[in-house]
Amino acid sequence: MSALGFKNSLGISPQTLQLRAARAEVLANNLANSDTPNFKARDFDFQAMLDAESRRSLSMNVTSEKHQRGTVDTESDLLFRNPYQPSIDGNTVDSQMEQSFYTENALRYNSSFQFLNGKFKGLKGAIKGQ
Amino acid sequence: MSLTNVFNIAGTGMNAQSIRLNTTASNIANAETVSSSIDETYKARKPWFQVLEKQWDSFDGLNHKLDVRSQVGDGVKIAGIVESDAPLQKRFQPHHPMADEEGYVLYPNVNVVEEMTDMMSSSRSYQMNVEVMKTAKQMLQRTLTLGQ
C-alpha cells in the first residue's frame, strides 16, 4: 500500500465520523423516547468502540491452508445510562443531559470532519503538486 | 446512513408529541361536556407511548457497527390511545337539562391542571425533537462539503 493510499492517509477519521453519526442516532432515540414509560436510556462507550474499531482490521494468522480465516471479535455493547433523577414511570432519560451529550457529539463530529477534510485537502495538494 | 436515520427518529418523536398535544386539546375542550349516563360521558384520553423497534429488513448487511445500532429502537410510536378509568365527577344540578331522575349530572374525569402540565411537557419535548433534527441537518450539510 502506497503512502498516499486512502487507508493510510486518512487514518482513523472516517471511522470516527461513522461512530459519531451512530452515537447521534442512539442519543436521538433517547431524546425521542423521553416520555416513554419504562424506557431505559442507552449510550456506548465511545473510546472502547473506537478501540474496537481500530482493532477490527486485525485478522488471524494463517499458517496452513486448512486454517479458518477470521477476524478478532471485539466487544461492542450498548450500555444503560445511570439516571441522575430516577422518575416514577421507570424512564431513565434525563433530557437535559441527553441534549448536552447530543450537542457535544455533534461538535465532536464537526471537529473530526475538520480533520478529515484537512487530509483530503492535503491529498489534493499532493496530486496537483503544489 | 445513520445521520438520515436521526431525521426519522426525531420525526417519530415530533409525531408522537403532536398526537399527545391533540389528546390534551381534546380533553380540555371536552372538560365540561356533561351527560346523564356513565357510558356516554367523555373520558380523558391518554396516548400510550412505546419504543418503535428497529425493522430488521432495513439493514444493509450485518456489519459490526450496524449490530450495535440494532440494539436501540427507531424512535417512538403511539401504541394506542386509552381512556382514563378515573371516577367521573357527579354533580347535583337538578335544573340542568341533562340531569338524571335524581338530579345528578356526570362531568368527565378530565383534570384540567394535569392536562395543562401535560401540554407544556409535550410542547417542550416537541421543541427538543426539532432541535435534534436541526443539529442533524447541520451535520449532514457539513458532510456534503467534504473535499471542497
Side-chain angles (χ1 to χ4, degrees), chain A residues 13-15 17-44 49 52-53 56 71 73-80 89 91 93 95-96 98-99 102-103 105-110 112-114 116-121 123-124, chain B residues 1-17 20 47-52 54 63-79 118 121-122 124-148:
Chain A
S13 296
Q15 281 94 331
L17 275 184
Q18 271 182 331
L19 269 183
R20 287 286 170 209
R23 185 159 183 241
E25 193 186 328
V26 175
L27 295 177
N29 186 52
N30 286 347
L31 282 168
N33 283 294
S34 62
D35 293 317
T36 309
N38 284 321
F39 177 80
K40 309 292 179 214
R42 312 295 300 263
D43 197 358
F44 54 71
M49 287 286 286
E53 196 61 37
R56 193 160 64 97
T71 46
D73 205 19
T74 47
E75 279 290 311
S76 54
D77 260 337
L78 278 176
L79 308 171
F80 289 96
D89 63 352
N91 186 301
V93 180
S95 36
Q96 290 82 7
E98 296 295 337
Q99 214 164 3
Y102 184 80
T103 313
N105 187 58
L107 281 175
R108 288 184 188 271
Y109 179 92
N110 275 347
S112 296
F113 177 85
Q114 202 78 27
L116 186 63
N117 209 16
K119 280 173 180 155
F120 271 115
K121 279 193 178 132
L123 279 179
K124 255 177 153 175
Chain B
M1 182 80 195
S2 39
L3 268 184
T4 46
N5 219 8
V6 174
F7 283 95
N8 291 338
I9 293 174
T12 61
M14 284 155 75
N15 185 35
Q17 296 301 340
R20 187 171 162 213
W48 173 21
F49 282 26
Q50 257 184 3
V51 181
L52 179 61
K54 196 153 249 166
N63 191 309
H64 162 85
K65 282 185 290 296
L66 290 173
D67 269 352
V68 169
R69 287 193 288 124
S70 70
Q71 297 170 23
V72 284
D74 225 351
V76 61
K77 70 171 178 202
I78 303 270
D118 232 24
S121 164
S122 50
R124 292 279 175 242
S125 302
Y126 189 91
Q127 285 174 18
M128 202 165 65
N129 280 302
V130 173
E131 288 298 321
V132 167
M133 204 179 248
K134 216 155 104 187
T135 312
K137 189 182 107 189
Q138 284 164 358
M139 283 159 85
L140 261 183
Q141 276 180 337
R142 197 82 202 280
T143 315
L144 288 176
T145 64
L146 186 63
Q148 283 176 11

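When reading the values below, keep in mind they use all heavy atoms of this one structure, side chains included, and skip hydrogens, waters and symmetry mates. First the proteins, then the strands, lettered A, B, ... as listed; each starts at 1.
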Heavy-atom cut-off 4.5 Å, strictly under: side chain, backbone, both or neither for [X] against chain A?
{"X": "B/S122", "result": "neither"}
{"X": "B/A16", "result": "neither"}
{"X": "B/R124", "result": "neither"}

Point-to-point distance, once rounded to the nearest 0.5 Å, from [atom1] of [X] to [atom2] of [Y]:
{"X": "B/F49", "Y": "A/N38", "atom1": "CZ", "atom2": "CG", "value": "14.5 Å"}
{"X": "B/E131", "Y": "A/Y102", "atom1": "CD", "atom2": "OH", "value": "10.0 Å"}
{"X": "A/K119", "Y": "B/L146", "atom1": "NZ", "atom2": "CG", "value": "12.0 Å"}
{"X": "B/I9", "Y": "A/L31", "atom1": "CD1", "atom2": "CG", "value": "10.0 Å"}
{"X": "B/D74", "Y": "A/E25", "atom1": "CG", "atom2": "CD", "value": "6.5 Å"}
{"X": "A/Y109", "Y": "B/T135", "atom1": "OH", "atom2": "OG1", "value": "13.0 Å"}

Self-check item: Whether A/K124 side chain and B/G147 backbone form a donor-acceptor pair below 3.5 Å
Solution: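 Here the side-chain-to-backbone pair exists.
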Quiz item: Looking only at heavy atoms, which two atoms of A/A32 and B/N129 are closest? And how far apart?
Solution: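 So the two residues come closest at CA-OD1, 3.7 Å.
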Exercise. Select, from A/L27, A/L116, A/T103, A/N110, the one with the greatest count of heavy-atom pairs under 4.5 Å involving chain B.
Key: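 Of A/L27, A/L116, A/T103, A/N110, A/N110 has the most heavy-atom pairs under 4.5 Å with chain B.
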Self-check item: When A/L17, A/N30, A/N29 are compared by non-hydrogen pairs under 4.5 Å with chain B, the top option
Solution: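 Answer, by heavy-atom pair count under 4.5 Å with chain B: A/N29.
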Quiz item: Taking side chain as C-beta onward, heavy atoms only, is B/Q17 less than 4.5 Å from A/D35?
Solution: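 A side-chain contact under 4.5 Å exists here.
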Exercise. Check whether any side-chain heavy atom of A/F39 lies under 4.5 Å from a side-chain heavy atom of B/V76, and answer yes or no.
Key: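 The answer is no; the side chains never approach within 4.5 Å.
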Quiz item: Judged by modelled atom types alone, do A/N33 and B/Q50 share a side-chain donor-acceptor pair under 3.5 Å?
Solution: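 A/N33 vs B/Q50: no donor-acceptor pair found between side chains.
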Practice problem: Below 4.5 Å from any heavy atom of chain B, which atoms of A/Q96 appear? Answer side chain, backbone, both or neither. | Solution: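 Neither part; nothing is under 4.5 Å.
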Quiz prompt | Residue among B/M139, B/R142, B/M133, B/M128 with most heavy-atom pairs under 4.5 Å to chain A | solution =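 Top option by heavy-atom pairs under 4.5 Å: B/R142.
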